[in-house]
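On a predicted model such as this, the values are computed, not experimentally measured, just so you know.
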Amino acid sequence: KDIFCEKPIATELDETIQSVLFAREKGVKLMVALQRRFDPNFMRVKSAIMDGEIGSPVQIRLTSRDPSPPPKKYVEGGGGIFK
């Protein structure tokens with residue numbers, strides 16, 4: 001089966017490379033995503049659609065930027081740019 005992974009794939013580069021190589025070896029797709037469906041603005045868009053405030057969407061394009069730096073506790077447990 002294809003692999004859908006919440007970012008980051010891993011907190012260490014060598015583990016990330018191993019994951020990519022594993023997916024290639026198995027012939028599966030490896031997709032990494034940042035899941036935002038519980039963010040307030042994304043929930044607001046869904047609500048507007050579900051409540052009929054707008055018509056049936058054909059395409060939605062959203063741009064998201066965090067309004068402030070993440071809390072220190074999040075950074076301490078995070079990987080990627082916070083490592």
Side-chain angles (χ1 to χ4, degrees):
K1 289 184 174 183
D2 293 333
I3 302 166
F4 182 80
C5 180
E6 177 74 19
K7 76 169 201 81
I9 293 176
T11 56
E12 300 293 334
L13 178 59
D14 63 323
E15 293 173 347
T16 302
I17 292 170
Q18 288 174 11
S19 299
V20 171
L21 294 175
F22 179 83
R24 284 184 186 161
E25 176 187 313
K26 298 298 180 183
V28 298
K29 295 175 185 172
L30 172 61
M31 179 179 172
V32 182
L34 170 60
Q35 191 273 101
R36 304 291 286 222
R37 71 176 171 216
F38 297 111
D39 287 0
N41 290 329
F42 284 72
M43 291 174 68
R44 175 69 184 106
V45 170
K46 181 180 179 186
S47 172
I49 294 167
M50 300 304 288
D51 295 344
E53 290 181 47
I54 62 173
S56 298
V58 174
Q59 179 178 0
I60 297 174
R61 180 177 176 179
L62 301 168
T63 301
S64 178
R65 292 177 180 84
D66 293 331
S68 60
K72 185 174 188 257
K73 186 173 182 175
Y74 176 83
V75 173
E76 289 170 348
I81 65 170
F82 300 119
K83 190 128 177 124

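Taking each heavy atom of Glu6 and Val32 in turn, the nearest pair found is C-CG1, 4.5 Å. Between Ile9 and Cys5 the shortest heavy-atom distance is CA-SG, 3.9 Å.
No path of Ile, Leu, Val, Met, Phe, Trp and Tyr side chains, each step under 4.5 Å between heavy atoms, connects Phe22 with Leu13, placing them in separate hydrophobic clusters. A chain of hydrophobic side-chain contacts below 4.5 Å, direct or via other Ile, Leu, Val, Met, Phe, Trp or Tyr residues, connects Ile60 to Phe42. In the hydrophobic cluster analysis, where Ile, Leu, Val, Met, Phe, Trp and Tyr join through side-chain heavy atoms closer than 4.5 angstrom, Val20 is grouped together with Ile3.
Here the OG1 atom belonging to Thr16 is positioned 8.0 Å from the CG atom belonging to Asp14, to the nearest 0.5 angstrom.
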Verdict with supporting geometry, Arg44 and Glu53, side chain to side chain contact (heavy atoms under 4.5 Å, CB included): CA-CA 11 Å; Arg44 175 69 184 106; Glu53 290 181 47; 2.9 Å; yes
Mind running side chain to side chain contact (heavy atoms under 4.5 Å, CB included) on Arg24 and Leu21 for me, showing each step along the way? CA-CA 5 Å; Arg24 284 184 186 161; Leu21 294 175; 4.3 Å; yes
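In terms of modelled atom types and a separation under 3.5 Å, the side chain of Ser19 and the main chain of Glu15 share a donor-acceptor contact.
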